[in-house]
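To start, the structure under review is shown below, and the notes come after it.
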Amino acid sequence: MLIRESINTAVDAIRSNALRSILTTLAIIIGTAAVITMVSMGSSAQKAIDDSITKLGARTIYVYPGWSRSGSSSDRKRTLDIKDADALEDDREIDWKIAPEIRGSRQVKLNNESVSLEIIGSTANFFDIRGYELDEGTLFSERQDLSRKRVVVLGSSVPKELKTSKKRLLNNEISIAGVSFEVIGFIKSQGSNGWRNPDEQIYTPLYTASDRIFGRDTINSINVDFSTDYRVEEVMIAIERVLRREHDIGPGEENNFRINDWSQAVDLRREATSIFFALIVGIAGISLLVGGIGVMNIMLVSVTERTREIGLRKALGATSKVILTQFMIEAITLCLIGGLIGVVLGTSLYFLIAFLQDWPIVFPFTAIIGSVFFSAIVGLFFGIWPARRAAKLDPAVALRYE
Amino acid sequence: MINVDNLKKTYYMGNQSLDALSGVTFEITKGEYVAIMGPSGSGKSTLMNIIGCLDSPTKGTYSLNNKEVSQMSDDELSKIRNTEIGFVFQNFSLLPRSSALENVMLPLQYAGISLSERKTIALDALEKVELLDRKDHKPSELSGGQQQRVAIARALVNNPSILFADEPTGNLDSQTGMKVLDIFKRLNENGQTIILITHENEVASAAKRIIHIKDGNISNDEIH
């Protein structure tokens, strides 16, 4: 009950000095808002990654080429080619799906518009593995792949890059590195995953890309998609076995290819994110510290200003503990108000950014609870001194204070 | 009821010491209406602080209702102030942001009484000073006389043994001041012990007994 009275008194006192109170808590507002926004943005990025990993209940391992030294000369050549992908495809130990990728940037032309875009050549199951869905038209088939048809499927923002519309492009020709291709479909907008933007890429059958665009049968990577029934290590070992055999690598020799579980990249990214987080939390901590000192300062002013009031309350029977509680609660309330304003600001800012950037929204519960809790702690810590000062006032002296 | 024996209060400033009270002895019994009178600097405020349990004496004993007060802890003194003593101050000392009713309820809050009960008791007290219709007014919306009556209601709300009034008419015009003194008179007739601290003869003459303080000593103790 005493707590409730104290809260009323505190809110009253804060309201009667509204502007001063808001200015005092500004640093706390900014600190809290920064934490909420940054932590939420981090969660969004994390969710985007996790989503793309768990899509279709499957996982993907990427195989990248390494470098080989042939003989005594140190000429290097790419070590992964279409045959390697075929060998993986033919190996039936694990029920996986294989999509090799051959990649590069080329000039894409439509009428007088010309832009450089990334072209990806892959097999028909590439879209399935990546979880890209068809928006309009059709995807290319295995037959179109084998017959090296000049067809392309476009990312959703390619028409805009070429300053035209999907409607006008569908079933029409565009030119890639001087060769004309028919646009047969569009995939739905995927949003950037932070490394690449699938919406700005052009997809074409593997053999078409190999023969008609890039003129090589070395490939940039192989996507190996497998169900969650298999353990990652098990699949990696199977891939290694097949490729070592294909590449004639003897026992004791090193692999001339690299196998990446994406989770490694995710881990790396997580690590980078956590460093970033630590930085933000550090800045926020300093901001809250500054805010806390501000609150302490204003509470000291308040105690001096209200010396007579404190004297009166003591004369009427308030114990030192009651006075202490009252001023502690006032400091905590002040910080909490700052924290809550910060939460509202930070959350709004995050929603706005997530909306504009088309990120998945993760409601920042933990961050909100954490920062509200933390601002209360700041109030508690920095409120102690002023509150003790108030509690220790001699009522006879305080009553006569002018 | 009040037993003061050889009460001394010494203030120290650096290595100088000043005796505000140099051995005061008197007794006040229940139902008395006493004025403590003296010019400023005479020690009457110090005396009031001590018998009002706002301050402790340097030497001597003071017992209130047969309880020795001079050796009590801060918390015990708070409790005594809350339950045994009602204060009325010269400057009214109302909380500016609280209504008349809330001001009167404040001592009851510190006594740990429930909100609904507090309201009933406080409304009762406001009725006694004829301010029930002003219960929701803030002090700034009340006249000086009305503010002092709110303060009296607040002082009485805990049924104190003693009502202390420190220059209660000091900030009021003479007519309003008389009204306040009338209230005290009525209260005393109903058995309330009242101690009035003042430097004005007129005000002091409202009391039945006047204790004159001069230079930290009782110079005269008269009953009329």
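In what follows, chains carry the letters A, B, and so on, assigned in the order in which the sequence lines appear, proteins first and then strands, with residues in each chain numbered from 1. All values reported here derive from a predicted model rather than from experimental measurement.
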Please state whether the side chain, the backbone, both or neither of B/N103 comes within less than 4.5 Å of a heavy atom of chain A. neither
What part of B/N158 is in contact with chain A, defined as an atom under 4.5 angstrom from a non-hydrogen atom: side chain, backbone, both or neither? neither
Exercise: do B/S73 and B/D75 side chains pair donor with acceptor under 3.5 Å: no
Less than 4.5 Å to any heavy atom of chain B: does that hold for the side chain of A/D394, its backbone, both, or neither? side chain
Kindly indicate whether the side chain of B/N6, heavy atoms from C-beta on, has any atom under 4.5 Å from the side chain of B/T61. no
Close side-chain approach of B/I36 to B/M48, heavy-atom, < 4.5 Å: no
Under 4.5 Å from a heavy atom of chain B, the part of A/A13 involved: both
Pick from A/E309, A/R15, A/R306, A/R308 with the largest number of heavy-atom pairs that fall under 4.5 Å of chain B: A/R308
Looking at A/F374, I want to see if its CZ is surrounded by more than 12 non-hydrogen atoms of other residues, nucleotides or ligands under 6.0 Å. no
Check the surroundings of atom CZ in A/F373: do more than 12 heavy atoms from other residues, nucleotides or ligands lie under 6.0 Å from it? no
